[in-house]
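For the numbers below, each heavy atom of this structure counts, side chains included, while hydrogens, waters and symmetry mates do not.
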Amino acid sequence: MSDLKELCSGLPLDPLPPNCGRDPNVPHAPVRTPNLTAEEERLALRNALRYFPPYHHATLAAEFAQELRQYGHIYMYRFCPTIRMRAYPIDQYPCRTRQAAAMMLMIMNNLDPAVAQFPQELVTYGGNGQVFSNWAQFHLVMHYLSEMTEEQTLVMYSGHPMGLFPSLPSSPRAIITNGMVIPNYSSREQYERMFALGVSMYGQMTAGSYCYIGPQGIVHGTMLTVLNAGRRYLGTDDLRGRVFVTSGLGGMSGAQAKAAVIAGCVGVIAEVDEAPLRKRHEQGWVMEVTSSLEQCIKRIREARSSRTPLSLGYHGNVVDLWERLLLEFERTGELLVDLGSDQTSLHNPYNGGYYPVPLSFRQANQLMSTDPGRFRSIVQESLRRHIKAINKLSDAGMFFWDYGNAFLLEAQRAGAEVTKVGGGATEFQYPSYVQHIMGDIFSLGFGPFRWVCTSGDPQDLAVTDDISAKVLEEIAANASERVRQQYRDNIRWITEAGKHKMVVGSQARILYSDQKGRVCIALAINQAVADRRVSAPVVISRDHHDVSGTDSPYRETSNVYDGSAFCADMAVQNFVGDAFRGATWVALHNGGGVGWGEVINGGFGLLLDGSDETAKRARLMLNWDVSNGVARRCWSGNTNAYETIQRTMEEIRHLRVTMPFPVQDEDLLDRALQG
């Protein structure tokens, strides 16, 4: 395809493309406020110009300076490609190795306007989850990938392509690091400064590792969370007529509406920004939309009474919604909500991640750039109101959990009443969904496994769905009851996935699987590629939010209680171990989910091309990718993980894990310390 060939030819310099500025037809990231000194502004401009030969500096310097002062960052809008950004079939990419073409496909999917939150700012999701820092980096990466051989590795420093370096055919084709800042300098303020300088980047999780698959990537995990919340809090698998209230329909939070309906409940999701709300409605992910609180209450009552699944998008502030539900309870004694959570991007509370009452969306965007101090105060007051309403509804019988988005952490910092009396460093009045719901699933080795059919053919996706369902059914037949329940949920998911029409962007699928399931699915799909039952290679990956991929004391490792929740050895070891066991590319990030400086996480991509060598890589790498985290959770004292890794050692001959001996007499500790 000539357009792709031109796109991969490098930076367009002679002539320069016209500077069309921002496209008014797509959503844009909020203005950033890095508060650079005059000398730092000079440095940011100098850093941006080094991508271009000096004869263009006079033209570009003025417009880059204007971008820096107007938007708080130099995105290089002039170089935003005019080609339709999407995941093209793998055979259309100019390349010397299909491994490189697979990465090009995944990158373009992350920047597809149907997928990306702020495509022109190269933000995939989460408000600031960047694929690259600027468009020059995009052009250089696509060019390097088109020229790469299987004896080279692309080295990525926080969005910047350092270059192609000689390596082995067995090495990863790309090594990606994002935000690897010296720990004492990993603060939110330093991040804003370093991002504006163009020297570091927040890759969220799968934005900067090129593995995002649209909101489907979290639909399944959200569905499992809601189902298991019903089992734990409400004592039932049947959620018909039960009401789940939450917020956010932008990036990953866009999954909540679809997940609620699949789980069978009534999902009411508040969203202040009309653009993502409209997009989710047009995509069929939100069934109904209203800006009326009275209409919300009316539809909740009707859906509860009829026990009809419903996804209702409320265009307004979630604090107003919570306070209206509380008012209804106080007036009538009727509790209209059973389950509650929140998915606002509170890892980024003061730069567009959280929109406070009483400001409108437009007012908030303006104030956060013109008076950041006042905006911060209003956000904190809003969080206190937010929690006050939730606390009263919880006292009345609603069950609330934190969705790992730093909601309770930021609420605590704002002075809201969320402290758990006698709780540890990672505990609040309400549990995180990992502590109460997903932590047990992780400790069994289950996590968000995913794949992308690089042909772009929906029929290939249907074939892989069928392969995966059959693999899981075979494994489930001989599993323990605890594990079988997880398999049943996932078999139901994968057999119904097609009818729910969840594909946005690439032909991708996600399901939660344990170690054995992931290995068996990967090997079965690889064989299907070899047999031509699947017409082109398949990329396998996972969310960084997984068994082993992330060290995050307020989310993924919040149920680790041996004092190591703030340690990041697991995620770093996982990144390194995946690299030398056969991954096509690997990524390690600072930040993601809970925020910059709060988490270290990593991910991988592996291209299944049907070869015996790839089968060997998949088996070796996937076994490590799960066992690493289960072993760590076992050592921390988790009984599910202990049983899981014990069983895994029996099945894998060369696996030997150090097992803990529990203290059986707790009084012994007191006696020893008192003596």
For this session: Consider only side-chain N and O atoms of Gln204 and His589, and report whether a donor and an acceptor are under 3.5 Å apart.
Result: no
For this session: For the residue pair Trp493 and His220, categorise the inter-ring angle as parallel (less than 30°), tilted (30 to 60°) or perpendicular (more than 60°).
Result: parallel
Exercise. Is the closest side-chain donor-acceptor distance between Tyr125 and Asn110 under 3.5 Å?
Worked result: no
Exercise. Any idea which heavy atoms bring Pro119 and Trp135 closest together, and the distance?
Worked result: O-CZ2, 3.4 Å
Exercise. Quick one: do the His73 and Ser133 side chains pair a donor with an acceptor below 3.5 Å?
Worked result: yes
For this session: Go through the side-chain N and O atoms of Tyr314 and Ser291 and say whether any donor and acceptor fall under 3.5 Å apart.
Result: no
For this session: Using only heavy-atom distances, determine whether the side chains of Asn405 and Ser345 contain a donor-acceptor pair under 3.5 Å.
Result: no
For this session: Indicate whether the side chain of His544 and that of Ser209 have a donor and an acceptor atom separated by less than 3.5 Å.
Result: yes
Problem set entry | Ion pair check, Glu381 and Arg385, cut-off under 4.0 Å | no
Exercise. Do Tyr403 and Thr225 have side-chain N/O donor and acceptor atoms under 3.5 Å apart?
Worked result: yes
For this session: Would you kindly say whether Glu121 and His28 are connected by a side-chain donor-acceptor distance under 3.5 Å?
Result: yes
Exercise. With the threshold set at 4.0 Å, does a side-chain nitrogen-carboxylate oxygen contact exist between Arg280 and Glu288?
Worked result: no
Problem set entry | Side chains of Thr236 and Asp238, donor plus acceptor under 3.5 Å | no
Seminar exercise, completed: Exactly one of Tyr191, Tyr202, Trp596 clears ring-ring contact (aromatic ring centres under 6.0 Å, His included) with His347, and that residue is Tyr202
Problem set entry | Geometric cation-pi criterion, Arg22 with Tyr71: 6.0 Å, 45° | yes
Problem set entry | Residue pair Arg231 / Asn228, side-chain donor-acceptor N/O under 3.5 Å | yes
Problem set entry | Carboxylate-amine/guanidinium contact Glu328 Arg301, below 4.0 Å | yes
For this session: Go through the side-chain N and O atoms of Tyr354 and Asp342 and say whether any donor and acceptor fall under 3.5 Å apart.
Result: no
Problem set entry | Thr246-Gln343 side chain donor-acceptor pair, cut-off 3.5 Å | no
